[in-house]
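This one's a predicted model, so the numbers in the text were calculated from it and none came from an experiment. Heavy atoms only: backbone and side chains are in, while hydrogens, waters and symmetry mates are out.
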2 protein chains.
Amino acid sequence: MSEKDLSTEEKIKEAARIVFTKKGFAATRTRDIAEEAGINLALLNYYFRSKEKLFHQVIMEKVQQIFGVLFPIINNESLDLETKVELIVENYISLLLENPDLPIFVFSELRNNPQLFEGRVNAHLIGESSLMKQLQEKKPDIHPVQFILSLFGLTVFPFMARPMMTVTKMAATDAEFRALLEQRKKLVPKWIKLILESD
Amino acid sequence: MSEKDLSTEEKIKEAARIVFTKKGFAATRTRDIAEEAGINLALLNYYFRSKEKLFHQVIMEKVQQIFGVLFPIINNESLDLETKVELIVENYISLLLENPDLPIFVFSELRNNPQLFEGRVNAHLIGESSLMKQLQEKKPDIHPVQFILSLFGLTVFPFMARPMMTVTKMAATDAEFRALLEQRKKLVPKWIKLILESD
DNA sequence: GTCTATAACCTGATAGAC
DNA sequence: GTCTATCAGGTTATAGAC
């Protein structure tokens with residue numbers, strides 16, 4: 001599907017996704033989005049009313065995209081803990097490889113604007129999830145939050161550290177980075193398993 | 001040392017540290033810094049010439065603060081791998097507990113502005129470090145970058161996820177968060193050890 | 001060194017022609 | 001729906017008095 005096939009509205013939103021995720025809300029100028037979309041500034045306001053409304057739409061769709069991948073796994077009663085971990089890591093890394101700027105974007109905007117998510121992210125949805133119950137059963141001595149932080153730390157952190165890895169030449173090229181993350185799809189579940197089976 | 005004891009220059013810089021780390025460069029207005037410092041806008045330019053120059057000074061000092069803590073450990077030839085890991089985790093978590101906004105700040109500004117660090121962070125300083133040599137010897141089958149990503153992912157990620165933890169009530173209060181991270185000082189080295197001793 | 005006032009510039013948003 | 005031109009408001013930086 002070439003750029004020409006998209007409606008103007010979708011062209012603007014796609015441009016907004018790119019620019020907002022790359023630079024953040026405050027550093028993005030509506031002019032940048034217009035230019036990226038190949039349209040003019042007035043059209044942005046014609047379709048989306050304001051920079052803020054456009055931003056809100058973009059980030060919410062991104063958050064839902066993430067939860068859309070993770071939730072069905074976390075709450076699937078027919079998967080055991082180990083399989084859940086494998087699927088979460090595999091699918092989340094795949095998603096992030098297509099959206100590498102997403103983690104820094106979401107976390108830094110959430111810092112500036114916590115009320116964005118207030119009410120939308122229900123504590124029970126995580127605390128009462130199938131994953132949590134299985135964890136409690138398998139390893140009651142690990143604080144569930146410590147487990148979650150580790151699982152996602154191991155999975156997400158490389159994307160946040162990406163700019164640092166480029167500068168330090170730890171993963172200078174895109175191909176190197178992708179290779180590392182592909183390898184990590186197997187490593188992280190293996191390591192998590194070590195943690196779960198330790199005493 | 002009360003606020004009154006600080007020179008005007010230092011008051012401005014301290015205010016800049018607070019506001020910049022909390023909101024990022026683009027979202028920060030020089031007026032916010034002036035107000036936080038209890039001085040007037042013109043003085044900021046009198047002392048630091050521009051918003052950009054002040055920012056540059058602040059972020060560089062923060063980065064050096066981090067490396068100042070980590071480098072002596074990473075390159076201490078007389079510490080074995082396990083002890084290095086313990087000290088890195090312990091000291092880094094302590095530092096970040098005093099500067100919880102630092103990780104999001106540094107990583108998101110680095111994304112917007114990678115040239116900030118070009119030339120300053122030498123790839124050899126990490127690749128040729130004592131830590132890396134020990135790792136290579138102890139566990140040649142782990143890619144060193146995978147190890148580093150895991151060590152720092154486990155250590156730093158909780159600070160980046162802090163706003164998310166607040167919203168989801170995983171760690172609603174400051175005290176809860178601190179307790180989790182204090183506990184983590186022991187957990188992370190234990191888990192890293194599991195990884196290093198696995199096959 | 002510190003202040004007030006203001007210049008110079010930039011950005012989001014809109015008016016109005018087509 | 002799409003464009004150009006422009007407004008209104010806000011931001012950085014400086015001039016000039018004290």
Problem set entry | Overall bend - the helix from dG1(C)-dC18(D) to dC18(C)-dG1(D), comparing terminal axes fitted on five pairs, nearest 10 degrees |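 Overall, the helix from dG1(C)-dC18(D) to dC18(C)-dG1(D) bends by 10° from one end axis to the other.
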
Problem set entry | Partners meeting side-chain hydrogen bond (donor to acceptor under 3.5 Å, both in side chains) with T155(A) (sequence neighbours left out) | none

Whole angstrom is fine here: how far is it from [atom1] in [X] over to [atom2] in [N]?
X	N	atom1	atom2	result
I33(B)	dT11(D)	CD1	P	13 Å
I12(B)	dC3(C)	CD1	P	9 Å
L41(B)	dT6(C)	CG	P	15 Å

For this session: Verify the contact: side-chain N or O of N40(A) to OP1 or OP2 of dC3(D), cut-off strictly under 4.0 Å; return yes or no.
Result: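 Result: yes.
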
Could you check whether [X] pairs with [Y] (Lys NZ or Arg NE/NH1/NH2 to Asp/Glu carboxylate O, under 4.0 Å)?
X	Y	result
E10(B)	R17(B)	yes
E61(A)	K13(A)	yes
E14(A)	K11(A)	no

Exercise. Is NZ or CZ of K23(B) both nearer than 6.0 Å to the six-membered ring centre of F105(B) and within 45° of the ring axis?
Worked result: no

For this session: Could you list by number each residue of residues 16-31 of chain A showing a heavy-atom separation from DNA chain D of less than 4.0 Å, or answer none if no residue does?
Result: none

Problem set entry | Contact list for DNA chain D against residues 42-51 of chain B - heavy-atom distance below 4.0 Å | A42(B), N45(B), R49(B), S50(B), K51(B)

Problem set entry | For L79(B) against K84(B), the heavy-atom pair lying closest together |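 L79(B) and K84(B) have their closest heavy atoms at O-NZ, 2.8 Å.
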
Exercise. Any salt bridge (Lys or Arg N to Asp or Glu O under 4.0 Å) pairs touching residues 153-164 of chain A, not counting sequence neighbours?
Worked result: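 Salt bridge (Lys or Arg N to Asp or Glu O under 4.0 Å) check on residues 153-164 of chain A returns R162(A)-D174(A).
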
For this session: Check each of V106(A), N113(A), L110(A) against P163(B) using the side chain to side chain contact (heavy atoms under 4.5 Å, CB included) test, and report the only one that passes.
Result: L110(A)

Identify every side-chain donor-acceptor pair in residues 188-199 of chain B under 3.5 Å, counting partners at least two apart or on other chains, and give the distances.
| residue | atom | partner | partner atom | Å |
| --- | --- | --- | --- | --- |
| S198(B) | OG | I195(B) | O | 2.8 |

Exercise. K186(B) side chain to E86(B) main-chain N or O, any donor-acceptor pair under 3.5 Å?
Worked result: no

